[in-house]
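The first residue in the sequence is number 1, and the count goes up from there.
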Amino acid sequence: MKIKFCGAATGVTGSCHMISSGDQKILLDCGQFQGGKAQDALNAEPFPFDPAEIQCVVLSHAHIDHCGRLPLLVKRGFRGDIYCTDATADLLEIMLKDSGYIHEKEAQWQNRKNERAGKPPVDPLYTFNDAADTLKYIHPVMYDELVEINPAMRIVFNDAGHILGSAITELWVEEDEKVSKIVFSGDLGVMDRPILRNPTIIKKADYLIMETTYGNRVHPPNITDVHKLIDIVLKTTRRGGTVVIPSFAVGRTQELIYEFNKYVEEGGEYSKELGAVKVYVDSPMATSATEAFRKNAQVFDEETREYIMKGDDPLAFPSLEFTKSTDDSRRLNMDRSPKVIISASGMCEAGRIRHHLKHNLWDPRSTVVFVGYQAEGTLGRNLIEGLKDVTLFGERIHVNAEICDLEGFSGHADKEGLLHWLEGFQQRPRQIFLVHGESQSKADFAEEIKEKLGYDATVVSDVSEFQLESATLLSREQVLRDAMDDETFDSIKSRISEIHDDLETILYNTSLRIGDNKIDPEKLAAINNAVIELEKSTVRLGASVAEPVDADDA
């Protein structure tokens, strides 16, 4: 069995890892590279594998750096299933179509320049129609559902708590009559954050592929940055400025809406003043994504579900407005009254946010607030690091606006969160591969887990392939036990035993008996086989156990 790291190996974007065993080849994620022209150029390069040979893609979540090259994969020959959670499937339709539209528009803009310069035209990486075509390969499944993706591999998705639908993947691979378990963290979320549940603790793995976005940094408490954000909004609007928040359309935007709503609803000291400030979400994708959040309230955390049960919409408040058209977006910059504008993209590399930066970066009354990770080479990262002059749409802009970075809103676990999650393993992984982090972050986290946990880790630093050791034989029962907590497993086993007893009782008290009150051995064998099949079909892990079987049901 081999693991080939094809993306997120030298940075935090382009997540893509190939698992191969015999003639079986699958991908974990197929994301887009982001972070300036050099990273963008990587997207057009050939994949380091034949897309037509990939049997399926197992997708961790719907952020573009994890899913953004799926249409390109299909365009180049892939025809397998794309497995993801049902909430991720809802988001993919929004994310991929929007991405295809952006690639088309960028190619049109570049071709106008090329035509004037006498250069040949360029093709978009993929189009809106390519993205739409990709959706027919989506295969949504539920959290905790055991799914056979090919004769040698099975998966279970666990909640990662990063964005709606995000998943930690458990993958069992059978090779030479032995089963190895690979765990792919995807992007891990932050404990005790609004809306989403905490990342699931995994107990066992033979091999672990783990993200390290914040492997050497610790976030301030979320509540601290919530208070800072409220202070920034009030201070900026009091002086007549606009607060511009570059935000990822999925995840951070909904959390910001939630926090504004909560502060106004709970009647904080300045709740009336904040409630009078207009807050605009200027991103069609964020608007659609917010609707997808409402549709998937079943995966919200307990606090958010309580809000809903009380009749409150946690993703709405009176002064919130979602813009609908580009004309609406332009009017926001023509209107110089104080307000808050939340717009994508989160790293300021594309989208409407660049227009809002052009109209506000020069204004000393305004503030730009970053609430998510800014990759190396992006405009967002450069602004945080103190860039004083930027060029937007051919115009040089001098930065006079206040620049703030609130890491407490990050959707990624920090160093302490990553360590906490890793400590949950009861069985030490044979190998740990660190990906999805900048070089220093990965190296520092490798040292941290060596010192704190005694684990050796491989820092993945380029496109590379590793041959894995053979693992010990695991029975089906061990595979199922790994995939759930002990209480759930024991409960399911207990109910199966009770069902078996009920069936035997039925046999002894019906006409299925033969002479001398003995059970017909053929019928007993048939019942036993039925019970075995029942056990095998218990794939909805973590669900409530079946009701007892009575004589009428039998």
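The CG atom of L59 sits 7.0 Å away from the CD1 atom of I138 when rounded to the nearest 0.5 Å. Atoms CG and SG, from L70 and C16 in turn, are 9.0 Å apart once rounded to the nearest 0.5 Å. Between the OG atom in S15 and the CG atom in D187 there is a gap of 7.0 Å [rounded to 0.5 Å]. Taken from CD in E211 to CZ in F445, the straight-line distance is 9.0 Å, to the nearest 0.5 Å. I195 contributes atom CD1, which lies 5.5 Å from atom OG1 of T304 (distance to the nearest 0.5 angstrom). Between atom OH of residue Y143 and atom CD of residue Q298 there is a gap of 9.5 Å, rounded to the nearest 0.5 Å.
Taking the six-membered ring where the residue is Trp, the centroids of H219 and F409 are separated by 6.0 Å or more. Taking the ring centroids of F5 and F433, they lie under the 6.0 Å cut-off. Taking the ring centroids of H66 and H436, they lie under the 6.0 Å cut-off.
When all heavy atoms of E407 and D225 are compared, the pair lying nearest together is N-OD2, 3.3 Å. Of all heavy-atom pairs spanning G380 and Q374, the tightest one is CA-OE1, 3.2 Å. Nearest approach of C404 to T367, heavy atoms of both residues: SG-CG2, 3.9 Å. Across every non-hydrogen atom of S441 and Y214, the tightest pair is OG-C, 4.0 Å. Of all heavy-atom pairs spanning I201 and G424, the tightest one is CG2-CA, 3.6 Å. Smallest separation of non-hydrogen atoms from A446 and I449: O-CG1, 3.4 Å.
Side-chain atoms of S329 do not come within 3.5 Å of backbone N or O of S325 as any donor-acceptor pair. Checked by atom type and distance alone, the side chain of T391 never pairs as donor or acceptor with a backbone atom of G394 at under 3.5 Å. The backbone N or O of V277 sits less than 3.5 Å from a side-chain atom of S319, completing a donor-acceptor pair. Of the possible polar contacts, one joining the R354 side chain to the C348 backbone as a donor-acceptor pair under 3.5 Å is found. Looking only at distances, a side-chain donor or acceptor of H398 sits under 3.5 Å from a matching main-chain atom of K388. Distance alone, capped at 3.5 Å, places no donor-acceptor pair between the T169 side chain and the F184 backbone. Distance alone, capped at 3.5 Å, is enough to place a donor-acceptor pair between the N43 side chain and the F33 backbone. Checking side-chain atoms of T237 against main-chain N and O of P338 turns up no donor-acceptor pair under 3.5 Å. Checked by atom type and distance alone, the side chain of Y263 pairs as donor or acceptor with a backbone atom of Y270 at under 3.5 Å.
T200 and D159 form no side-chain donor-acceptor contact under 3.5 Å, judged by distance and modelled atom types alone. In summary, the side chains of S247 and T253 do present a donor paired with an acceptor at a separation below 3.5 Å, with no hydrogens or angles considered. For the 3.5 Å distance criterion, the side chains of R331 and T326 fail to qualify, holding no donor opposite an acceptor. Defined by atom type and a distance below 3.5 Å, a donor-acceptor pair is present between the side-chain atoms of H356 and N333. The closest side-chain donor-acceptor pair between T13 and D65, if any, does not fall under 3.5 angstrom. Between the side chains of D335 and S337, at least one donor N or O lies within less than 3.5 Å of an accepting N or O. Side-chain atoms of T85 and T88 form a donor-acceptor pair, as typed in the model, at a separation below 3.5 Å. Under the 3.5 Å distance criterion, with hydrogens and angles disregarded, a donor-acceptor pair is assigned to the side chains of Y126 and S99. A donor atom on one side chain and an acceptor atom on the other are not found under 3.5 Å apart for N261 and E259. With 3.5 Å as the limit, one finds no donor-acceptor pair spanning the side chains of Q440 and N216.
No side-chain heavy atom of V399 sits less than 4.5 Å from a side-chain heavy atom of D389. Residues M347 and P246 form no side-chain contact, since every pair of their non-hydrogen atoms from C-beta on lies 4.5 Å or further apart. Proximity of Y207 to V183: side-chain heavy atoms (C-beta onward) are nowhere separated by under 4.5 Å. Counting only heavy atoms from C-beta outward, the side chains of D414 and V190 never approach each other to under 4.5 Å. Counting heavy atoms from C-beta outward, E104 and F128 have side chains that approach closer than 4.5 Å. Side-chain contact between H355 and F393 is present, with heavy atoms from C-beta onward closer than 4.5 Å. At least one side-chain heavy atom of F300 sits under 4.5 Å from a side-chain heavy atom of L164. Between V390 and L379 there is a side-chain heavy-atom pair separated by less than 4.5 Å.
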Open item on the list: Before you tell me yes or no, could you show the steps for K295 and E291 under salt bridge (charged side-chain N to carboxylate O under 4.0 Å, His left out), namely the whole-Å CA-CA distance, both residues' side-chain angles and the distance that decides it to 0.1 Å?
Closed with: CA-CA 6 Å; K295 179 181 175 182; E291 288 304 314; over 6 Å; no

Open item on the list: Go through it in stages, so that I can follow the logic: the residues are E303 and Y258, the test is side-chain hydrogen bond (donor to acceptor under 3.5 Å, both in side chains), and I'd like the CA-CA distance, side-chain angles, deciding distance and then a yes or no.
Closed with: CA-CA 11 Å; E303 179 187 41; Y258 179 94; 3.0 Å; yes

Task: Steps toward salt bridge (charged side-chain N to carboxylate O under 4.0 Å, His left out) verdict (K450, E447) - done: CA-CA 5 Å; K450 177 66 174 177; E447 291 183 12; over 6 Å; no

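Using a cutoff of 4.0 Å between basic side-chain nitrogens and carboxylate oxygens, K228 and D231 are not scored as salt-bridged. A salt bridge between K452 and E416 is absent, with no side-chain N of the basic residue lying under 4.0 Å from a carboxylate O of the acidic one. Under the 4.0 Å criterion applied to side-chain N and carboxylate O atoms, K97 and E93 are assigned as salt-bridge partners. Ion pairing between R336 and D363 holds under the 4.0 Å rule for side-chain N and carboxylate O. Salt-bridge annotation for K37 and D40: absent, with no side-chain N of the basic residue lying under 4.0 Å from a carboxylate O of the acidic one. Note on E402 versus R365: no salt bridge recorded, every NZ/NE/NH1/NH2 to OD/OE distance being 4.0 Å or above. A salt bridge does not link R197 to E302: none of the charged nitrogens lies less than 4.0 Å from a carboxylate oxygen. E438 and K442 are not joined by a salt bridge, as no carboxylate oxygen comes within less than 4.0 angstrom of a charged side-chain nitrogen.
At most 12 non-hydrogen atoms from other residues, nucleotides or ligands lie less than 6.0 angstrom from OH of Y101.
Cation-pi geometry between R352 and Y280 is not met: the NZ or CZ atom fails to fall both under 6.0 Å from the ring centre and inside 45° of the normal.
Just one of T323, V281, I353, L357 meets the side chain to side chain contact (heavy atoms under 4.5 Å, CB included) condition when paired with S343; it is I353. None of H63, H103, Q39 except one satisfies the side chain to side chain donor-acceptor pair (under 3.5 Å) rule with Q32; the exception is H103. Paired with L188 under the rule side chain to side chain contact (heavy atoms under 4.5 Å, CB included), one option of T213, L418, L422, T212 passes, and it is L418. Tested against F370, the residues I245, V244, L383 include a single side chain to side chain contact (heavy atoms under 4.5 Å, CB included) partner, L383.
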